[in-house]
Structures are given as C-alpha cells and as structure tokens.
Novice: 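First, the structure itself, so that you have it in front of you.
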Amino acid sequence: MIIIMLGAQGTGKGTVAGILSKKNGWIQLSTGDLFRENISKGTELGIEADKYISKGCLVPDDITISMVKTKLEELKDEKGIILDGFPRTLEQAKRLDEILAGKGEKVDWVINLETPRDEIIDRMLNRRVCPQCKATFNLKLHPPKIEGICDNCGSKLVIRDDDSDSEAIRKRLEIYDTQTKPLIDFYNKKGIVIVEEISERINRFADEACEDFMKHIKE
Ligand code: ADP
Ligand code: ZN
C-alpha cells in the first residue's frame, strides 16, 4: 500500500506519518529526512541538495525523483509505505505514477492535512527535531518528556536551520501554494484524497486524524 502525505509545511505530515507507520508496521519515507541525512554525511547528493534547501527552495525534480526511486527499490518488500514530503510538484507526481506502474502498483491513498496558516507558522517556530532518529516534537503541542531531549533515543533535540529563518519559512509556504497545492486536484481526480483537519483552535490533533483515516480505509 502506498500512501502520500500532502499538506503545507508544519501541518503535521511527519507526526501523522510517524503514528500511522508505528501502528501498522508501515515504512515512513521522508524526502526531507533523506536530504538532511545526506547533508550531515556530506555525500555528493547532500552537497547538491543543500544548495537549495538552505535557501528554502525545492531540490530539482531529477535529483529528488532518482533518490526516491532508489529508495522505493530498496523497500519493495514492505507492505506499506508512507511518502512524507514527496511528491511536491506535478512532475514528481506524474513520474511517481510511472515508477509505480512499472511495478504494477499505484498510489492508494492521499492524506491531505489542513491547518490555518497562522497556526502553521507558529508550529514551525516551535518545532524541534531529533537528528538521530528523526522524531519531531513541538514545544507547545507535544513537548518531549525531558526538555531538549528526544523521548525515543535520548539525543539532544535541534531546530532545523530552515525553521529558524522566517524568510525561508515564508518562501517554503509560497512554494507550497504555487507548486504543491495543484497536486490536490491531481489526486482528487483519482478519488483517493482524504482531508484531515488538524488545528489547535478546534482541538483536533494528529492522533484523531490518524484514527479517522484508518476508519476510512477500512470501510
Ligand atoms: P518542510 O515540509 O517543512 O519543508 P521537509 O523536511 O519535508 O520540510 O523538507 C525540507 C526541505 O527539503 C524542503 O524545503 C526542500 O528544500 C527539500 N525537499 C524535501 N522534499 C522535497 C521534494 N519532494 N522535492 C523537492 N525538494 C524537497
Ligand atoms: Zn531520537
């Protein structure tokens, strides 16, 4: 089963994907995490990707698609994969369909997370990530049990570079609106989109969104 997480930055894609994969034994594949891993290891891919990521731009499609393609090959025996942060452009979505079709597979579900814009910005500023196991925390919504320390692995939590820079945040949200939002239409035409609202204002959080999604796909 292939599931795609859609939604702007800071809507909780990583959190939702994390809960669902843990609960169902699925694999969470985050392109942002893959890039950051390559950057910290100083690989050729990382050096190239960092040129774009540090500015808040998207990494070019060819680089991103070939990285995902390789990873999907490695994960071919998994029963479920949640793509978190991919596809983000129409070109990536079309190429993903081709890659999957080549293996007799398809995208089964798309979870579209919706959150008011002001809450999103607040969440990115309060986001802390574990550089080791990639877990995500939010100082206000789901803080780590011990301040500054990852619940899962005990590593020291960090702020992502692109989250600490308000210009980069603004740019990423603008790119989402122009490049990624059209994907909602693309997948709506296939009838596979499930919208889940996550908002502090209405007290609806990631766990509820996950429960609702699971109900949908079991129907
Ligand atoms: P966010 O959703 O907060 O932007 P991610 O961790 O998903 O964070 O991604 C971090 C950065 O990695 C993005 O700003 C972008 O530069 C790059 N990136 C991640 N996924 C993709 C993708 N599918 N296509 C192009 N660039 C990507
Ligand atoms: Zn950790």
Side-chain angles (χ1 to χ4, degrees), residues 4-18 22 28-40 45-72 82-96 99 111-113 115 117 119-138 142-146 148-183 198:
I4 288 172
M5 299 298 315
L6 272 188
Q9 291 79 359
T11 48
K13 295 192 294 287
T15 306
V16 168
K22 205 178 226 174
Q28 177 180 1
L29 184 57
S30 155
T31 40
D33 283 346
L34 277 178
F35 284 133
R36 281 186 290 277
E37 207 173 288
N38 276 281
I39 291 169
S40 68
L45 172 71
I47 292 166
E48 190 56 27
D50 194 36
K51 292 182 197 161
Y52 302 91
I53 295 177
S54 59
K55 294 198 204 104
C57 299
L58 289 183
V59 178
D61 284 339
D62 282 336
I63 300 178
T64 309
I65 293 163
S66 79
M67 176 178 79
V68 171
K69 193 174 178 195
T70 308
K71 206 71 196 174
L72 286 176
I82 308 184
L83 291 168
D84 165 15
F86 181 91
R88 277 192 206 204
T89 64
L90 220 41
E91 176 65 17
Q92 291 179 11
K94 289 178 185 159
R95 299 267 298 271
L96 175 64
I99 293 169
I111 306 177
N112 182 27
L113 296 183
T115 299
R117 196 50 64 101
E119 286 189 37
I120 281 180
I121 294 172
D122 200 52
R123 265 192 227 162
M124 280 195 257
L125 294 169
N126 282 295
R127 174 154 67 184
R128 297 293 180 273
V129 295
C130 173
Q132 196 61 39
C133 75
K134 318 296 176 210
T136 310
F137 299 88
N138 183 290
H142 46 101
K145 293 194 181 81
I146 304 168
I149 301 295
C150 176
D151 287 356
N152 299 341
C153 73
S155 302
K156 206 161 166 247
L157 299 175
V158 298
I159 307 181
R160 278 169 41 182
D161 289 342
D162 54 353
D163 278 348
S164 61
D165 172 356
S166 62
E167 180 54 28
I169 289 183
R170 195 196 54 76
K171 179 112 164 258
R172 280 151 66 211
L173 288 171
E174 189 185 303
I175 291 174
Y176 171 78
D177 288 336
T178 55
Q179 310 242 62
T180 310
K181 237 182 182 172
L183 295 188
I198 298 190

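Just so you know, ligand 1 is whichever comes first in the structure, and atom 1 is the first atom listed for that ligand.
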Novice: What residue and atom, counting heavy atoms only, is the protein's closest point to atom 26 (N) of ligand 1, and at what distance?
Specialist: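 Looking at atom 26 (N) of ligand 1, the protein heavy atom closest to it is Val59 N, 3.0 Å.
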Novice: If you draw a sphere of radius 2.8 Å around the Zn ion (ligand 2), how many protein N/O/S atoms end up strictly inside it?
Specialist: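 Protein N, O or S neighbours of the Zn ion (ligand 2) under 2.8 Å, waters not counted, come to 4.
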Novice: Might you point out which heavy atoms bring Asp50 and Ser54 nearest each other, and give the distance in Å?
Specialist: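 That closest heavy-atom pairing would be O-OG, 2.8 Å.
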Novice: Considering only heavy atoms of Gln92, which atoms of ligand 1 have at least one such atom less than 4.0 Å away?
Specialist: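 Matching atoms, with element in brackets: 22 (C), 23 (N), 24 (N), 25 (C).
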Novice: Say you draw a straight line from CG of Leu58 to OG1 of Thr180; how long is it, rounded to the nearest 0.5 Å?
Specialist: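 If I round to the nearest 0.5 Å, the distance is 6.0 Å.
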Novice: Check Thr15, Asp163, Ile198 against Arg123 for a side chain to side chain contact (heavy atoms under 4.5 Å, CB included) and give me the one that passes.
Specialist: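 Exactly one option meets the side chain to side chain contact (heavy atoms under 4.5 Å, CB included) with Arg123, and it is Ile198.
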Novice: As an exercise, identify every atom of ligand 1 less than 4.0 angstrom from a heavy atom of Thr31.
Specialist: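 The list of qualifying atoms is 19 (C), 20 (N), 21 (C), 23 (N).
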Novice: Is Asp151 paired with Lys145 through a side-chain N to carboxylate O contact shorter than 4.0 Å?
Specialist: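 Yes.
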Novice: Flag Asp33 as yes when one of its N or O atoms lies below 3.5 Å from any N or O atom of ligand 1, and as no otherwise.
Specialist: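 No, since none of the N or O atoms of Asp33 sits under 3.5 Å from an N or O of ligand 1.
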Novice: For the atom pair CG (Leu183) and CD (Glu91), what is the distance rounded to the nearest 0.5 Å?
Specialist: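 One gets 11.5 Å once the value is rounded to the nearest 0.5 Å.
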Novice: As an exercise, state the distance from SG of Cys130 to CZ of Phe137, rounded to the nearest 0.5 Å.
Specialist: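 Here the rounded value is 7.0 Å.
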Novice: Looking only at distances, can you tell me whether any N or O atom of Gly85, backbone or side chain, sits closer than 3.5 Å to an N or O atom of ligand 1?
Specialist: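 Right, the criterion is met.
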Novice: Would you say Thr31's side chain and Gly85's backbone share a donor-acceptor pair under 3.5 angstrom?
Specialist: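 Indeed, once roles are kept as given, a pair shorter than 3.5 Å links the two residues.
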Novice: Just distances here: any N/O of Ser30 and N/O of ligand 1 closer than 3.5 Å?
Specialist: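 Such a contact does not occur with ligand 1.
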Novice: Answer yes or no for Phe35: is there a heavy-atom contact with ligand 1 below 4.0 Å?
Specialist: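 Yes; Phe35 lies near enough to ligand 1 that a heavy-atom distance drops under 4.0 Å.
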Novice: So which bit of Arg127 gets within less than 4.0 Å of ligand 1, heavy atoms only: side chain, backbone, both or neither?
Specialist: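 For Arg127, the contact with ligand 1 is made by the side chain alone.
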Novice: For Lys156 versus Ile149, what's the shortest heavy-atom pair and its separation?
Specialist: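 The answer is CA-CD1, 4.5 Å.
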Novice: Contact between ligand 1 and Met124 is defined here as a heavy atom of the residue under 4.0 Å from a ligand atom; is it met?
Specialist: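 No heavy atom of Met124 comes that close to ligand 1.
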Novice: Return the CE to CG distance between Met67 and Leu72, rounded to the nearest 0.5 Å.
Specialist: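 Result: 10.5 Å between the selected atoms.
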Novice: For atom 13 (C) of ligand 1, which candidate among Arg172, Arg88, Gln9 holds the nearest heavy atom?
Specialist: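 Considering heavy atoms of Arg172, Arg88, Gln9, the nearest to atom 13 (C) of ligand 1 sits in Arg88.
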Novice: Is a side-chain donor or acceptor of Lys55 paired with a backbone partner of Lys51 at a separation under 3.5 angstrom?
Specialist: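 Answer holds: yes.
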Novice: Quick one: closest heavy-atom pair of Lys13 and Met5, and the distance?
Specialist: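 Result for this residue pair: CD-O, 3.7 Å.
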Novice: Under 4.0 Å between a Lys/Arg side-chain N and an Asp/Glu carboxylate O for Lys171 and Glu167?
Specialist: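 Looking at Glu167 together with Lys171, the answer is no, because their closest N to O distance does not fall below 4.0 Å.
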Novice: Below the 3.5 angstrom mark, is there an N/O of Phe86, backbone or side chain, next to an N/O of ligand 1?
Specialist: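 No - when backbone and side-chain N and O of Phe86 are compared with those of ligand 1, no distance drops under 3.5 Å.
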Novice: Does Arg160, backbone or side chain, put an N or O under 3.5 Å from an N or O of ligand 1?
Specialist: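 Such a contact does occur with ligand 1.
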Novice: Looking only at protein heavy atoms, identify the closest one to atom 10 (C) of ligand 1 and say how far it is in Å.
Specialist: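 It is Arg36 NH1, 3.5 Å.
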Novice: I need the nearest protein heavy-atom contact for atom 16 (O) of ligand 1: residue, atom name and distance, please.
Specialist: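 Looking only at protein heavy atoms, the one closest to atom 16 (O) of ligand 1 is Cys57 O, 2.6 Å.
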Novice: With backbone taken as N, CA, C and O and side chain as the heavy atoms from C-beta onward, which portion of Thr64 lies under 4.0 Å from ligand 1: side chain, backbone, both, or neither?
Specialist: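 Just the side chain.
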Novice: Checking Arg170 against Asp165 for the salt bridge (Lys or Arg N to Asp or Glu O under 4.0 Å) test, could you report, in this order, the C-alpha distance in whole Å, the side-chain angles of both residues, the deciding distance, and whether it holds?
Specialist: CA-CA 9 Å; Arg170 195 196 54 76; Asp165 172 356; over 6 Å; no
Novice: Report the part of Pro87 in contact with ligand 1, treating N, CA, C, O as backbone and CB onward as side chain, heavy atoms under 4.0 Å; options are side chain, backbone, both, neither.
Specialist: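 Neither part.
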Novice: Enter the distance from Leu83:CG to Leu6:CG here, rounded to the nearest 0.5 Å.
Specialist: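 Going from CG on Leu83 over to CG on Leu6, the span is 10.5 Å.
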